[in-house]
Amino acid sequence: MNSRTLLALPLAVAALAAGCGGSDDKESSGSSTTKSGTASGAPTQGKQGGKLTVLYAADVDNIDPSITYYQYGFNVAYATQRPLYSYKPDDQTNPEPDLAEGPPEISDDAKTVTIKIKKGVKFSPPVNREVTSKDVKYAIERGFTSSVPNGYNGAYMGDLIGAKTSAKPGTEIPGIETPDDQTVVFKLSKPTGAILAGALVLPGSAPVPRDYALKYDKKNPSAYGVHQVSTGPYMVENDASGKLVGYKAGRSIHLVRNPNWDKATDYKPAYLDEIQIDEGNTDPVVASRRILQTDSMVNGDFQVPPSVLKQLSQGAQKAQLNVSPPTGRIRYVSFDTTQKPFDDVNVRKALNAAINRDAMRLAFGGKLVGDIPTHFIPPGLAGYEEAGGEKGPGVDFMANPAGDLKLAQEYMKKAGYASGKYDGKETYLMVADSTGVQKKAAQVALQGIEQLGFKVNFQAVVRDSMYTKFCQVPSSKVAICPSVGWLKDFADPQTMLDPTFNGKNILKVGNSNFPEFDDEETNAAMEKAKLVVGAKERAQAWADVDKLLTEKAAAVPWLWDKQPNVLAKNVNGVINTANASWDLTHTSLK
């Protein structure tokens, strides 16, 4: 996420190379839109000690830091692991060296990336030894293996020489070299060093000890997640053998201090002594009220319901509400484009026109929770303005956020349905998030779909199951996923569009191309855009991809969101603007 190079690079990488990572000179403010002394994106001096409880509706998608690809799985990973780079709470653009000693060095041809790592960083018990460059090498390699279904290595690091997805556990990648214990060198077949450097902010770059982990990785799926060791200030509570006794799937995650963490090597203050994540809080109204009426508690993965938002935004408890700036996330309704008739662009345009996106946003919380999209790249990210900004490219089927049934039926007629409605006999499986406003927004989408004559088997399940058992598994044959969304991986527009709509990135497990969109023209445009350097040129190249996706109705985008969060009165809550949620390593108690 940072680099020294003579080439013009993506913004996030170039900024760190220039030495401005973590500086006060930021492209976008990290402060909250709801001002208060108790919740902001800016780190404040906190009090040492205490236990914080975080309420989750569901479990993380995976406890393994190399597998999780879910916002609230990342929260746990960033508290317990040290990737090469990470983001300070108030700066979602410029990465900070974490395990790395400083910015990466990228060769003039952008095919070699060299990184030095810090000395003195140790693994938690039972490993207890100092981290070396070989541990970083193994961490990246395991993300390419069949037992560790990593969702992003192929997209961002696939040009590593000798790298192949679904490799046998233990397979080494020739393109990753470790000339000494503090140096790791990445060699690429294409000039994509900047994007690889950007991806090193993701948890998959956090070190993993091969000598300890390989026996677990040889199982399929890997069992390392429930035996993991940590390098961050916290670790999931474990026993003497390394088994995570603090992780009870679907129930709770208990984080305790890592006794081998050395504050002198880390920028994170880690005020709290314990963090308890309680899962199963499926009623967001009850959970929100519990937070507001109890000490030492914050929300996790559930959306704060409209009734609570209204109460807090207008009342005396306003200081207990934090609404983030635009998060860099888009929410959309996904249709499986491998299933007929969703492979027909006119049917997809009809669905865009039919669904009342304004009503979906209202069910989610109204204008306070974000803006209705006109294309895919969200506000605050390079390429947004070039793709049309607020107005977008001006396609007619997205012109009316409240829905346009007449136009929708015209597109259905173009697709060959003379009545303007689907007249087939199929019943399509639709799997939604069962939690609170997520389910309500999905039901609004369902109404629009049914207006066009589609018969739908609507099922609502807990979020981790929605992703890991249905929407991320192409073989499940889910036709409609109305509750999916995407938060940028780092500050480059490729991270919004490549993992999610490039046909090359359709995976059997852990798939993030939810619609299985595989369009030859768009794929080619993405492959070309990956190699573009220069901030302006790169923004325009990905904006052109965005335009193609919008015109081809790859999905139904309905929210560029902001993230409301709630906290107890005695919590000094700090939002990490890169992840749009509480930064557990900077939050403290009063």
Side-chain angles (χ1 to χ4, degrees), residues 1-3 10 12-13 16 21 62 64-69 73-88 94-106 112-118 121 123 131-145 148-160 163 165 172-173 175-178 181-188 192-210 213 217 222 224-225 228-232 265-268 488-492 495 499 578-579 585:
M1 316 207 69
N2 333 310
S3 51
V13 180
L16 186 59
N62 201 292
D64 190 319
S66 293
I67 300 176
T68 184
Y69 206 7
F74 274 23
N75 279 6
V76 175
Y78 285 126
T80 58
Q81 306 295 335
R82 296 186 65 179
L84 288 167
Y85 301 92
S86 57
Y87 287 106
K88 285 187 172 181
N94 304 305
E96 186 74 13
D98 199 330
L99 177 64
E101 188 177 64
E105 297 182 3
I106 301 180
T112 302
V113 180
T114 304
I115 295 168
K116 295 283 188 179
I117 68 170
K118 293 173 181 173
V121 177
F123 288 111
V131 171
T132 73
S133 56
K134 290 182 176 61
D135 301 315
V136 176
K137 172 181 165 69
Y138 182 68
I140 302 294
E141 288 172 338
R142 70 188 294 266
F144 280 93
T145 64
V148 183
N150 176 288
Y152 48 80
N153 273 18
Y156 304 136
M157 305 183 195
D159 293 329
L160 281 167
T165 56
E172 295 194 46
I173 296 176
I176 308 177
E177 300 176 356
T178 54
D181 283 351
Q182 264 63 55
T183 306
V184 58
V185 181
F186 300 96
K187 292 187 176 292
L188 302 153
T192 53
I195 206 70
L196 178 142
L200 299 178
V201 75
L202 297 169
S205 76
V208 175
R210 179 188 175 103
D217 285 342
S222 170
Y224 174 71
Q228 65 181 278
V229 288
S230 300
T231 45
T265 69
D266 204 338
Y267 72 85
K268 297 178 282 292
K488 66 183 185 301
D489 286 331
F490 49 94
D492 187 276
T495 73
N579 203 35
T585 66

How long is the straight-line distance from CG of L188 back to OG1 of T112, given to the nearest 0.5 Å?
7.0 Å

Sorted by chain and number, sequence neighbours left out, salt bridge (charged side-chain N to carboxylate O under 4.0 Å, His left out) with E177 holds for none

When every non-hydrogen atom of E96 is compared with those of K88, the smallest separation belongs to CD-CE, 3.6 Å

dist Y78:OH -> T68:OG1 (nearest 0.5 Å) comes out at 10.0 Å

Backbone N/O of V121 and side chain of T265: donor-acceptor pair under 3.5 Å
no

Derivation and outcome, side chain to side chain donor-acceptor pair (under 3.5 Å), residues S86 and Y267:
CA-CA 10 Å; S86 57; Y267 72 85; 2.6 Å; yes

The test is side chain to side chain contact (heavy atoms under 4.5 Å, CB included); show your working for Y87 and N579 and say whether it passes.
CA-CA 9 Å; Y87 287 106; N579 203 35; over 6 Å; no

Applying side chain to side chain donor-acceptor pair (under 3.5 Å) to D217 and Y138, what does each step give before you reach the verdict?
CA-CA 11 Å; D217 285 342; Y138 182 68; 2.5 Å; yes

List the atom of I117, the atom of S133, and the distance in Å for their closest heavy-atom pair.
CD1-N, 3.6 Å

With a cut-off of 3.5 Å and sequence neighbours excluded, list every side-chain donor-acceptor pair involving residues 194-202.
none

How close do V76 and T80 get, heavy atom to heavy atom, and via which atoms?
O-OG1, 2.9 Å

Apply side chain to side chain contact (heavy atoms under 4.5 Å, CB included) to N150 and F144, showing your working.
CA-CA 7 Å; N150 176 288; F144 280 93; over 6 Å; no

Give a yes or no answer on whether the side chain of T132 reaches the backbone of D181 with a donor-acceptor pair at less than 3.5 Å.
no

For side chain to side chain contact (heavy atoms under 4.5 Å, CB included), just list the numbers for T495 and Y152, CA-CA rounded to whole Å, side-chain angles, deciding distance to a tenth of an Å, and then say yes or no.
CA-CA 9 Å; T495 73; Y152 48 80; over 6 Å; no

Under the side-chain contact (heavy atoms from CB on, under 4.5 Å) rule, collect the residues that match up with P207, sequence neighbours excluded.
L99, F123, V131, D135, V136, T231

I'd like to know whether R210 forms a side chain to side chain contact (heavy atoms under 4.5 Å, CB included) with K137, so could you lay out the CA-CA distance, the side-chain angles of the two residues, the decisive distance to 0.1 Å, and finally the verdict.
CA-CA 9 Å; R210 179 188 175 103; K137 172 181 165 69; over 6 Å; no

Residue of the set P104, S205, P95, P97 for which side chain to side chain contact (heavy atoms under 4.5 Å, CB included) holds with L84
S205

When you compare the side chains of D489 and Y69, does any donor N or O come within less than 3.5 Å of an acceptor on the partner?
yes

Can you see which heavy atom on M157 is nearest to which on I140, and at what distance?
SD-CG2, 3.8 Å

Rounding to 0.5 Å, atoms CD (E172) and NZ (K134) come to a distance of 10.0 Å

Pairing of K268 and D98 as salt bridge, 4.0 angstrom limit
yes

Which heavy-atom pair separates A206 from Q81 by the least distance, and what is that distance?
CB-CB, 3.7 Å

Aromatic ring centroids of F490 and Y85 under 6.0 Å?
no

Can you tell me how far apart CG (D159) and OG1 (T192) are? Round to the nearest 0.5 Å.
3.5 Å

Over all atoms of both residues, closest heavy-atom pair of S222 and R142
OG-NH2, 3.5 Å

Partner of T114 under side chain to side chain contact (heavy atoms under 4.5 Å, CB included), picked from V185, V184, I106, is V185

